[in-house]
Structures are given as C-alpha cells and as structure tokens.
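Have a look at the structure below, then the notes.
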Amino acid sequence: MEHRLLREIEMGSKSALMKKRIITYYIYNGCATITDLSKELDLSVPTITKFINEMCEDGYINDYGKLETSGGRHPSLYGLNPESGYFIGVDVKKFSINIGLINFKGDMVEQKNNIPYKFENTPDALEELCKTIRDFIKKSTIDTKKILNININISGRVNPESGYSFSIFNFSERPLAEVLTEKIGYSVCLDNDTRAMTYGEYMKGCVNGEKNILFVNISWGLGIGIIIDGKIYTGKSGFSGEFGHINAFENEIICYCGKKGCLETETSGSALHRILLQRIHEGESSILSKRVDTKNNPLTLDEIITAVNKEDLLCIEIVEEIGQKLGKQIAGLINIFNPELVIIGGTLSLTGDYITQPIKTAVRKYSLNLVNKDSVILTSKLKDRAGLIGACMLARSRMFESI
C-alpha cells in the first residue's frame, strides 16, 4: 500500500486534515457508519462518503458489512484496516526495555518484555537503545515497510512537540527525536514515561468515560500524568507533571534533581529502596536482610515489591509510611484539580492495598470533603504494561491528532 495519505498530511492539504479527523474518530470509537461520522464531524453525508471511499481505496479504512437495524436500509459499518500500518512503542525502564508493536486498529501484534538494559545518560546507552529497537524490527514477522511511527518513553523532562529531551541523552543541539529517527531508520517521537502510562490507562485501562483524570506514577521516581477534558495536558514546554519535585520535607536528602526536600526523596521507589537498606543496617529484620550487602548483585526494587506481597513486615511498614506521606500531597492535587478519577500506577502500585489504602486514608483526612467525594481512587488496571501500551498508542495518535 502506498502511503499517499501520509504525504498529503505532510503537505497539510484540507482533505488530508479531514481524513485525519476521521481516523482519530475511529481510533477512539471503533467502527461507525457514514451517518454517525457525518453527525460527529458536522459534514454532509456525500462529503463523508467521498472521503471514506478514497480512504478505502488507499487501504486505511475497511467496509465491515451491513449493520443490523430494525427496519429500512441497513447502513454499512466502516472502521480502520488493521493491516494498513503498524506502530512501535518502546518503554525504557531503569534496568530493562519493553517493546511492542500494534496494528492500525490498536491491537498488540508482537511484544518483547524485560530486555536487559542499563538506563544511563551516556552515548553508549543511547546506541544500545537504538540497536535493541533495530533488532526487534529485524525479527518482526510483519512487513516492516508498513511501520509508520515509533514512540519512545523516557523519564525526565521531554517536550513531545519539539522532540527534545532535556534530562536524558541531550548530547547534541538537535532534537533527540531527530537523532533517533536517523539512527533507527524510522519516524520517531518521544514522550515522558508517566504521560505515556497515563495515555495507556486512558485508552485501554480502568478509565470508563471519565475525562478529568490524574495518574500518579510511583516508580523509581514520582510523577503525575494529567488529563483535562479528555486531553493530555503537557504544559507549555511539555514539562507538566513533575510532582516528585515539590518541596515537601525539611530533610537533608539530596534529590537527583540536585535540590533537597523533594517529595520524591521520601515517597518513591528510590526512597523505599534507600529506607529499607538503612533500616536493615540499623538492625531491623526482613526476608531481604541477607541480600542488602551483595555488592555484585544489588537489591532491586522488584525484589522489594515481591517481599511486600510475601507479607514481609518491614517492607510493608515502609510502603504504608510512603502511602501516608504521598496521600497527603495527593489530597492537595484533588483540592486543586477536582478530578473524577485518580489512578495509582507505577511499580509501587503492584503492592496493591498496601500502598493504596494509606493513600485513601490520607486523602480523606487532608482534602476537602466536597471535593474528594467526587474523586474515585483506583489502582492501575494495566499495572506494569501501562507504559508499553501507552507508548504504542502514542506512536499512532501522534500521527493523526494533537494529543
């Protein structure tokens, strides 16, 4: 299939922009009739019919047959052609990479999880990332000419519109997305890992019609994703959501950002890791006590989460303390945003009620009753898949809409 539409979009023609709107509608709503599209896009039926026929010829839209109705003519149901294009999502974690490939309809076709990788801010780590993605593409069973876009999640400050990363891999004056496109050989866009997790949960997770949502990512660091009126809020430069760097404590702990007293220093995976090691060295007991001094094989955050779920009392106690402190700050967010839904995600969310119950208790204590009664607090449905699914969905959405 020739990607004539993509060339039209690059040129910015009026018809291409309308076709983008049609694709965006199908992304969020699945199949629909021409009449449905006509009402939604406020265009005449003949105009929509013309666009649909052209997009069927180009291979982007399929006719899925007649819709069963109670009487009269049965209208045809149209939807995205799953084989018309593919999108790759790359979720970069501290010690591994997850890569997935979805079809045009958004179904996961291929994925590879927990590819070993050390996420460091070095040129070698950047080259290793590119090689890992290229290897995944080489081993793919689909027609690689149909790969339309790749989205890569990285932590820190990322401007998804300009393609610049200001925290990681900022080795050249050119946008990182441009550098990656050159190295990998396919169109590449970037986004912050928390924002991608938020979008994944919005598209495929526990969101059920809510339009105003906060996603709290408690992983090695701490961040939030914000959805306002169904749209991801990025801020002017793409830096929204730096929740972990609110000055919340009078402590002497230096955050990786270089400042002291950040929320992240006491309410994150890195805080859990540090506090557990400290308390074990001070004489407290844990099933991980013998692991903390293994120099060649450092204790991982995943091991601590496993210990919590095995009911290790010390690990549970620290997680609950983190939940209480974090819940107090989330109460402030609820007072400000008045969201319909707050989703607790990230690595620490895998401890389930051990983290969410203290958060809920603190929220009830510190937020305004009239405000918090409108806000449901849920644990992420996608769990550790949120970032990968979000990355894949963003790779597709970035081509056809302004997120």
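Owing to the predicted nature of the structure, the values given are computational and were not obtained by experimental measurement. In what follows, residues are counted from 1 in the order of the sequence shown.
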Qualifying ring-ring contact (aromatic ring centres under 6.0 Å, His included) pairs, either residue in residues 201-228, two or more places apart
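Every ring-ring contact (aromatic ring centres under 6.0 Å, His included) pair that includes a residue of residues 201-228, provided the two are not neighbours, is W220-H273.
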Spatial distance of atom [atom1] ([X]) from atom [atom2] ([Y]) [nearest 0.5 Å]:
X    : Y    : atom1 : atom2 : value
I218 : I330 : CD1   : CD1   : 6.0 Å
F243 : I226 : CZ    : CD1   : 10.0 Å
S286 : L276 : OG    : CG    : 5.5 Å
I137 : I147 : CD1   : CD1   : 4.5 Å
L190 : L180 : CG    : CG    : 6.0 Å
I27  : K105 : CD1   : NZ    : 12.5 Å

If only side-chain N and O atoms count, and only distance matters, is there a donor-acceptor pair under 3.5 Å linking T141 with E110?
yes
What I want to check is whether the side chains of T47 and S44 have a donor and an acceptor closer together than 3.5 Å.
yes
When you check the gap from the basic side-chain N to the acidic O, do K139 and D135 get nearer than 4.0 Å?
no
So, are E128 and K118 salt-bridged, with charged N and O less than 4.0 Å apart?
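No, no charged N to carboxylate O under 4.0 Å.
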S155 vs F119, test: side-chain contact (heavy atoms from CB on, under 4.5 Å). Steps then yes/no.
CA-CA 10 Å; S155 59; F119 190 24; 3.5 Å; yes
Quick one: are [X] and [Y] in side-chain contact, heavy atoms under 4.5 Å?
X    : Y    : result
M197 : L382 : no
N98  : K112 : no
N149 : C189 : yes
L288 : D312 : no
M55  : K50  : no
I142 : V109 : yes
I150 : Y186 : yes
F249 : C262 : no

Does Y199 have K231 sitting over its ring (NZ/CZ under 6.0 Å from centre, angle to axis within 45°)?
no
Return each pair, listed once, that meets salt bridge (charged side-chain N to carboxylate O under 4.0 Å, His left out) where at least one residue sits in residues 370-396; pairs must be two or more places apart or across chains.
none
Taking [X] for its side chain and [Y] for its backbone only, find out whether a donor-acceptor pair lies under 3.5 Å.
X    : Y    : answer
E201 : C206 : yes
N62  : Y64  : no
N159 : E161 : yes
S289 : S285 : no
T356 : G352 : yes
N53  : T49  : yes
S397 : M393 : yes
T181 : S187 : no
E340 : N212 : yes
R195 : G238 : yes

Please enumerate all residues that pass side chain to side chain donor-acceptor pair (under 3.5 Å) together with R291, with sequence neighbours excluded.
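For R291, the residues satisfying side chain to side chain donor-acceptor pair (under 3.5 Å) (neighbours in sequence not counted) are T294, E303.
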Taking only residues two or more places apart in sequence or in another chain, which ones pass side chain to side chain donor-acceptor pair (under 3.5 Å) with K93?
D91
Test side chain to side chain donor-acceptor pair (under 3.5 Å) applied to N309 and T306, step by step:
CA-CA 5 Å; N309 291 322; T306 300; over 6 Å; no
Can you see which heavy atom on P339 is nearest to which on S375, and at what distance?
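Looks like O-OG, 2.6 Å.
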Report the C-alpha separation of H245 and F239 in whole Å, then their side-chain angles, then the decisive distance to 0.1 Å, and conclude whether the ring pair (Phe, Tyr, Trp, His ring centres under 6.0 Å) test is met.
CA-CA 12 Å; H245 300 293; F239 304 156; over 10 Å; no
What side-chain donor-acceptor pairs closer than 3.5 Å can you find for residues 316-328, not counting sequence neighbours?
| from | atom 1 | to | atom 2 | distance (Å) |
| --- | --- | --- | --- | --- |
| E317 | OE2 | R279 | NH2 | 2.7 |
| E321 | OE1 | R279 | NH1 | 3.4 |
| K325 | NZ | E266 | OE1 | 2.8 |

Is there a side-chain contact (heavy atoms from CB on, under 4.5 Å) between I154 and D193 once you walk through the steps?
CA-CA 5 Å; I154 55 176; D193 55 351; over 6 Å; no
With side-chain contact (heavy atoms from CB on, under 4.5 Å) as the test, would you mind laying out the steps for S367 and N335 before giving the verdict?
CA-CA 6 Å; S367 63; N335 286 345; 3.5 Å; yes
Intermediate values then yes/no, side-chain contact (heavy atoms from CB on, under 4.5 Å), M18 and I48:
CA-CA 9 Å; M18 194 54 63; I48 291 292; 5.7 Å; no
The criterion is ring pair (Phe, Tyr, Trp, His ring centres under 6.0 Å); which residues satisfy it with F136, sequence neighbours excluded?
none
Evaluate the ring planes of F87 and F104, with Trp represented by its six-membered ring, and classify them as parallel (under 30°), tilted (30 to 60°) or perpendicular (over 60°).
tilted
Passing option when L222 is tested against L263, N217, I246, T194 for side-chain contact (heavy atoms from CB on, under 4.5 Å):
L263
